[in-house]
There are 2 protein chains.
Amino acid sequence: MDVSCCPSLTEQRVPAEAAAVLAPAFKALGDPVRLQLMSMIASAESGEICVCDLTPAFDLTGPTISHHLRTLREAGLVDAERRGTWVYYRARPALLGQLAALLTVAPEVNA
Amino acid sequence: MDVSCCPSLTEQRVPAEAAAVLAPAFKALGDPVRLQLMSMIASAESGEICVCDLTPAFDLTGPTISHHLRTLREAGLVDAERRGTWVYYRARPALLGQLAALLTVAPEVNA
DNA sequence: AGACTGTCTTGACGTCTGTCGAAACAGACA
DNA sequence: TGTCTGTTTCGACAGACGTCAAGACAGTCT
């Protein structure tokens with residue numbers, strides 16, 4: 001399912017099918033906790049981060065963090081992998097880049 | 001309130017205050033109808049578009065479209081202005097650009 | 001094997017969201 | 001001034017969402 005990846009929001013109307021695919025990703029980012037989780041995962045130096053490093057960063061219970069992580073996972077924004085005792089999360093740059101491209105205000109279009 | 005505007009998600013963790021400001025904007029974009037509305041507004045040739053052109057593009061009642069437009073307005077993504085009989089909506093590129101910057105996957109960082 | 005730790009799933013609860021119909025408001029035209 | 005069209009607000013309803021406590025599952029260590 002390859003939604004049109006490149007044109008910016010400001011260039012042409014987003015087709016309904018693309019909107020249906022992309023909107024859930026924006027929605028997943030639409031919670032302050034998930035936005036921070038996403039950035040913690042995406043900015044992890046080793047490319048991945050342990051849930052055990054994520055959970056204590058918030059005043060929320062483990063299950064709640066787990067729930068948010070699942071939302072991010074289902075939106076296609078992150079990937080999870082269990083390795084021994086801990087579960088590691090990694091960002092999926094592709095979709096992130098697609099969202100960014102969509103939002104990018106035409107770089108050279110005020111000409 | 002000027003949230004840190006430039007660093008990407010992938011560069012450093014989004015601070016809680018920034019997340020609190022930015023997440024509502026993502027949330028506003030997190031509905032297929034609003035995403036399409038946003039793109040129709042942002043891609044309007046004259047820079048603005050009449051509600052009367054927006055409403056018939058969806059299988060939804062006027063009040064529902066109005067509700068979504070209000071959400072976009074309250075998120076700071078669009079501006080409305082009444083001129084005579086019709087109301088015109090215009091995009092606010094600043095916030096859009098901020099969101100794009102946040103999402104942009106480090107352009108030259110695979111070096 | 002048994003106990004322990006870390007993570008996820010389930011079930012529940014109150015709140016928010018998307019939608020509509022009906023009504024209110026703003027401006028134009030006769 | 002009165003009526004008509006376009007837009008928003010109000011009230012209501014079903015469904016989704018964020019959160020937690022309790023329980024289930026996975027893996028490790030003794």
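Heavy-atom basis, side chains included; hydrogens, waters and symmetry copies ignored. Note that this is a predicted model, so its numbers are computed, not measured. A note on names: the letters A, B, ... follow the listed sequences, proteins ahead of strands, and every chain is numbered from 1.
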Practice task
For D/dT19, take OP1 and OP2 only and decide whether either is under 4.0 Å from a side-chain N or O of A/His68.
Solution key: yes
Handout entry: Protein-nucleotide distance (B/Asp31, atom CG; D/dC17, atom P), rounded to Å
Key = 11 Å
Exercise for the section: Could you check which of D/dA22, D/dG6, C/dT19 has an atom nearest any side-chain atom of B/Arg82? Expected result: D/dG6
Exercise for the section: Look at the side-chain N and O atoms of B/Arg83 and state whether any lies under 4.0 Å from the OP1 or OP2 oxygen of C/dG27. Expected result: no
Exercise for the section: Please test B/Phe26 against A/Leu103 for side-chain contact (heavy atoms from CB on, under 4.5 Å), starting from the C-alpha separation and ending with a verdict. Expected result: CA-CA 11 Å; B/Phe26 282 121; A/Leu103 256 36; 4.2 Å; yes
Fill in the blank from the handout: Atom CD of A/Glu74 and atom C1' of C/dT9 are separated, to the nearest Å, by 12 Å
Practice task
Select base, sugar-phosphate, or nothing to describe what A/Gly62 touches, counting heavy atoms under 4.0 Å on all strands.
Solution key: nothing
Problem - Value in whole Å for how far the C1' atom of C/dA26 lies from OH of B/Tyr88 - result: 15 Å
Practice task
Decide whether a cation-pi geometry holds between B/Arg82 and B/Tyr88; the criteria are a distance under 6.0 Å from NZ or CZ to the six-membered ring centre and an angle within 45° of the ring axis.
Solution key: no
Practice task
Mind checking A/Ile65 for me? I need base, sugar-phosphate or nothing, with any heavy atom below 4.0 Å counting as a touch.
Solution key: nothing
Practice task
Apply side-chain contact (heavy atoms from CB on, under 4.5 Å) to B/Phe58 and B/Gln36, showing your working.
Solution key: CA-CA 10 Å; B/Phe58 301 87; B/Gln36 288 180 81; 3.8 Å; yes
Practice task
Rounded off to whole Å, could you give me the CZ-to-P distance for the A/Phe26 and C/dT17 pair?
Solution key: 18 Å
Handout entry: Contact under 4.0 Å: A/Tyr89 side-chain N or O vs C/dC8 OP1/OP2
Key = yes
Practice task
Please answer whether the main-chain N or O of A/Ser39 pairs with a side-chain N or O of A/Ser43 as donor and acceptor at a distance below 3.5 Å.
Solution key: yes
Practice task
Would you please confirm or rule out a distance under 4.0 Å between OP1 or OP2 of D/dG18 and any side-chain N or O of A/Arg34?
Solution key: yes
Handout entry: Presence of B/Trp86 side-chain N/O under 4.0 Å of C/dG27 phosphate oxygens OP1/OP2
Key = no
Problem - Along DNA chain D (nearest heavy atom to each residue), the more 5'-positioned of A/Leu60 and B/Ala80 - result: B/Ala80
Exercise for the section: Kindly say if A/Thr61 contacts the phosphate of D/dT19, meaning a side-chain N or O under 4.0 Å from OP1 or OP2. Expected result: no
Fill in the blank from the handout: From the candidates C/dA28, C/dC8, D/dG18, the one with an atom nearest any side-chain atom of B/Thr85 is C/dA28
Practice task
Look at the side-chain N and O atoms of B/Arg70 and state whether any lies under 4.0 Å from the OP1 or OP2 oxygen of D/dT9.
Solution key: yes
Practice task
Counting heavy atoms from C-beta on, name the nucleotide in D/dT28, D/dT8, D/dG18 closest to the side chain of A/His67.
Solution key: D/dG18
Problem - Residue whose nearest DNA chain C nucleotide is more 5′ - A/Thr64 or A/Lys27 - result: A/Thr64
Exercise for the section: Using atom CG of A/Leu54 as one end and atom P of C/dG6 as the other, report the distance to the nearest whole Å. Expected result: 15 Å
Exercise for the section: Please name the pair of heavy atoms, one in A/Leu29 and one in A/Met38, separated by the smallest distance, quoted to 0.1 Å. Expected result: CD1-CG, 3.9 Å
